2 protein chains.
Amino acid sequence: MQAKLISLHAANSNAGIRNVDSNCNWASVRLPELMALLDTHPSEPVADTGVTFSVRRVKPGETLCRAGDAFEALYVVRSGFLKMVSLDPVGNEQVLSFPMRGDVIGLSSLEPGHYTADAIALDSCHVVVVPFDRIANLSRSVPGIERLLYTTFSRELARRQRVIRLLGMLSAEARVAAFLLDMSERFARLGCSRSSFVLRMTREEIGSYLGIKLETVSRTLSALASAGLIAVDRREVTLHDAPALRSILEQRTEPGWGRRQRQRRASTDRSASTAPVRPQAAAARIAA
Amino acid sequence: MQAKLISLHAANSNAGIRNVDSNCNWASVRLPELMALLDTHPSEPVADTGVTFSVRRVKPGETLCRAGDAFEALYVVRSGFLKMVSLDPVGNEQVLSFPMRGDVIGLSSLEPGHYTADAIALDSCHVVVVPFDRIANLSRSVPGIERLLYTTFSRELARRQRVIRLLGMLSAEARVAAFLLDMSERFARLGCSRSSFVLRMTREEIGSYLGIKLETVSRTLSALASAGLIAVDRREVTLHDAPALRSILEQRTEPGWGRRQRQRRASTDRSASTAPVRPQAAAARIAA
DNA sequence: CGTAACTTTGATAGCATTCAAAGAAGGTGG
DNA sequence: CCACCTTCTTTGAATGCTATCAAAGTTACG
């Protein structure tokens, strides 16, 4: 009960997150602050040239930008959580990512000239508005900015590569495990607990992101929980055995595997399993 | 027989591709040529400053760069076809893309500082070696370069977004259809036939890229062929009904779809189908 | 000409979806 | 403050799509 109240409070106010500069202003941020937000591995600090960027506030459920809107600025999340949703021609929607503090929105919108997905706040958010031409101009005078811009693009490319691996090579169970580990990692980077956190999104949104159905997400979470690897209470997740979760990622050999590893895990698994075969026995499989 | 010989010849020599500058040199290219290669929608021509970039030749099966190698340069494909292969910790490999003329290799390698995938030539290739620092420096003096670099990153991000949609929302059948339409589009952009082309990759490589098994690729191609939408002769594919292929993409409503479209296609499909239910009846489904 | 790589096709099994329904949580208005 | 409604979540049973296993056919190549 009490824990839940604390969690919900944290969800709305982002209390407990470190790195929140004391001299910050909710209406605008200065350049060094913006760069610190972007740079995961802070190198040399940037001189404060007095340049500031405005901060936009987005309430839960509101959209920061819609697919098709003219591309005007990158948005750098300072606090809160969002979801990026792409709507295909048929009307089916797909969640592409869950941006949080430090993440950049709009990088794929530069070339087409319009945003390619909706950005919808999952809770109360503060995002820094970074007009692209402005930051590009600054990059000519302020050293370090140009490189940071390129690495930001490159980092986002690497992230999408991981998503492609997740969607193309992992089973539903492994996708959920990977999702939990990813959230754990990102929360840890924010100074929050690595082993216990509150998800901001529904099962359906998780499923859309992972390319599986919401029922499958629910079932898999239940299975992981009954195997003792995690605990789930509504949106609150606690990781009890992260290494075991990681080992799930290393099981699947879904589509193409090389010509090595003749271990034939499928058969050994089946013979090793003493439990009788039954439908939806994901928990038994995980426990084995 | 004769047709096959011609196709194979084209595959190896890239004969018939337009846009091959007459004054080109296989050992190096000048800046304007490089920019034309990158810019799909050529804007203002760039002054020839005399800067040149070396061209590297890669023979079929050779690797241009390996995952883990220090990132030194971007590679811009001038001719030939390659595959990008990512090897995960377990040893499973996944094909990430099939670069061809105009495509850029290495964009996601900047931030980690090393290549994140192997680049393997599927046939004889010529790639322009573009050291990143060199092009970044040039961008400060030559107008247009900076913007082109950013749009190149952004374009690659958009491409990966399409792959994510393919892997996350489409059925195996739709993935194959999307793959064929994509290849058609890219060949057309090169001045080759939009409706008939020779695939350079195996069924296994296609399957790895699409997140399905090689048998499924083969079955789906056979089904599309017997439905009359395409013709398949080994690696040579002819599209007979591209609109029908496109309509396959608009069928699936795999993971999350909004709350609209209450058309309940699944039931109507089943009732409309007069053929008896049988396994592997993909052809019947497509024909319907 | 024989071997290796690739492709096709069939039969079977398994995992994820679909369909269905009940339970829990959160918000609203009386 | 509680009833009511909507949204979200969980769980079950059955179907279906794709993977797996297997084998034959084809092509390429030495």
Side-chain angles (χ1 to χ4, degrees), chain A residues 1 4-5 8 60-61 168-176 199-207 210-223 225-226 232-236 251-257 259 264-267 269-270 273 277-286, chain B residues 1 4-5 8 11 60-61 168-176 199-208 210-223 225-226 232-236 251-257 259 264-267 269-270 273 277-283 285:
Chain A
M1 303 303 132
K4 190 194 308 171
L5 286 174
L8 289 175
M169 308 204 23
L170 299 186
S171 68
E173 180 181 289
R175 295 184 199 190
V176 172
L199 302 174
R200 267 67 175 185
M201 63 295 284
T202 68
R203 303 288 191 263
E204 183 169 18
E205 287 160 346
I206 297 173
L210 298 178
I212 57 183
K213 287 290 175 188
L214 74 161
E215 295 97 325
T216 306
V217 175
S218 179
R219 274 187 241 276
T220 307
L221 287 175
S222 300
S226 67
V232 181
D233 173 34
R234 189 70 171 167
R235 301 264 176 103
E236 184 167 7
Q251 285 180 11
R252 268 285 157 194
T253 147
E254 196 83 332
W257 79 77
R259 55 213 50 174
R264 316 279 303 109
R265 210 184 352 73
S267 56
D269 270 359
R270 228 170 297 159
S273 162
V277 179
R278 61 178 186 190
Q280 246 84 43
R285 222 174 341 102
I286 296 169
Chain B
M1 303 297 134
K4 190 194 309 174
L5 287 175
L8 289 175
M169 307 204 25
L170 300 185
S171 68
E173 180 182 289
R175 294 184 199 190
V176 173
L199 300 174
R200 266 68 173 186
M201 64 295 284
T202 68
R203 302 287 192 262
E204 184 170 17
E205 288 160 345
I206 297 173
S208 175
L210 297 178
I212 57 182
K213 287 290 177 189
L214 74 161
E215 295 97 327
T216 305
V217 175
S218 179
R219 275 187 241 276
T220 306
L221 287 175
S222 301
S226 67
V232 181
D233 174 34
R234 189 72 171 166
R235 301 262 176 107
E236 183 169 8
Q251 283 181 15
R252 267 285 158 195
T253 146
E254 197 85 332
W257 79 78
R259 53 214 50 175
R264 316 279 305 107
R265 212 185 351 73
S267 56
D269 269 0
R270 229 172 296 160
S273 161
V277 179
R278 59 177 189 191
Q280 247 83 41
R285 224 176 338 104

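Worth knowing before you read on, the calculation uses all heavy atoms, side chains too, and leaves out hydrogens, waters and symmetry mates. Since the model is a prediction, treat every value here as computed from it, not as a measurement. Chain A is the first sequence line, chain B the second, and so forth, proteins listed ahead of strands; every chain is numbered from 1.
If you take CD1 of A/I206 and C1' of D/dT9, they are 11 Å apart, rounded to a whole angstrom. Residue A/L199 contributes atom CG, which lies 16 Å from atom C1' of C/dA25 at whole-angstrom precision. The distance between atom NZ of B/K213 and atom P of C/dC6, rounded to the nearest whole Å, is 15 Å. The nearest whole Å value for the distance from the CD1 atom in A/I212 to the P atom in D/dT10 is 13 Å. Distance CG (A/L210) to C1' (C/dT17): 15 Å, rounded to an integer number of Å. Atom-to-atom, CD of B/E205 to P of C/dC6 comes out at 8 Å; the value is rounded to the nearest Å. At whole-Å resolution of the value, CE in B/M169 and P in C/dA16 are 19 Å apart.
Expressed to the nearest 0.5 Å, how far CD1 of A/I206 lies from CG of A/L199 amounts to 5.0 Å. Separating the CD atom in A/E173 from the CD1 atom in A/I212 is a distance of 10.5 Å, to the nearest 0.5 Å. For the atom pair CG (B/L210) and OG1 (B/T216), the distance works out to 10.5 Å, reported to the nearest 0.5 Å. Here CG of B/L214 is found 9.5 Å from CZ of B/R219. Values are rounded to the nearest 0.5 Å.
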Could you go through nucleotides 7-9 of chain C and list every protein N or O atom that sits under 3.5 Å from one of its N or O atoms, giving the distance for each pair?
residue	atom	partner	partner atom	Å
C/dT7	OP1	B/R235	NE	3.0
C/dT7	OP2	B/R203	N	2.8
C/dT8	OP1	B/R203	NH2	3.0
C/dT8	OP2	B/R203	NE	2.8
C/dT8	OP2	B/R203	NH2	3.4
C/dT8	OP2	B/S218	OG	2.8
C/dT8	O5'	B/S218	OG	3.2
C/dT9	OP2	B/S222	OG	2.6

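Side-chain contact between B/R235 and B/T202 is present, with at least one heavy-atom pair separated by less than 4.5 Å.
Between the A/S222 side chain and the A/S218 main chain, a donor and an acceptor come within less than 3.5 Å of each other.
In this view, B/E205 and B/K83 satisfy the salt bridge (charged side-chain N to carboxylate O under 4.0 Å, His left out) rule, not counting sequence neighbours. Under the rule for a side-chain contact (heavy atoms from CB on, under 4.5 Å), the partners of A/L221 that lie at least two apart in sequence or sit in another chain are A/V176, A/L180, A/R203, A/V217, A/I230, A/V232.
Taking five base pairs at each end of the helix from C/dC1-D/dG30 to C/dG30-D/dC1 and finding the rotation axis that steps the C1' atoms of four pairs onto the next four gives two axes whose angle is 40°, to the nearest 10°.
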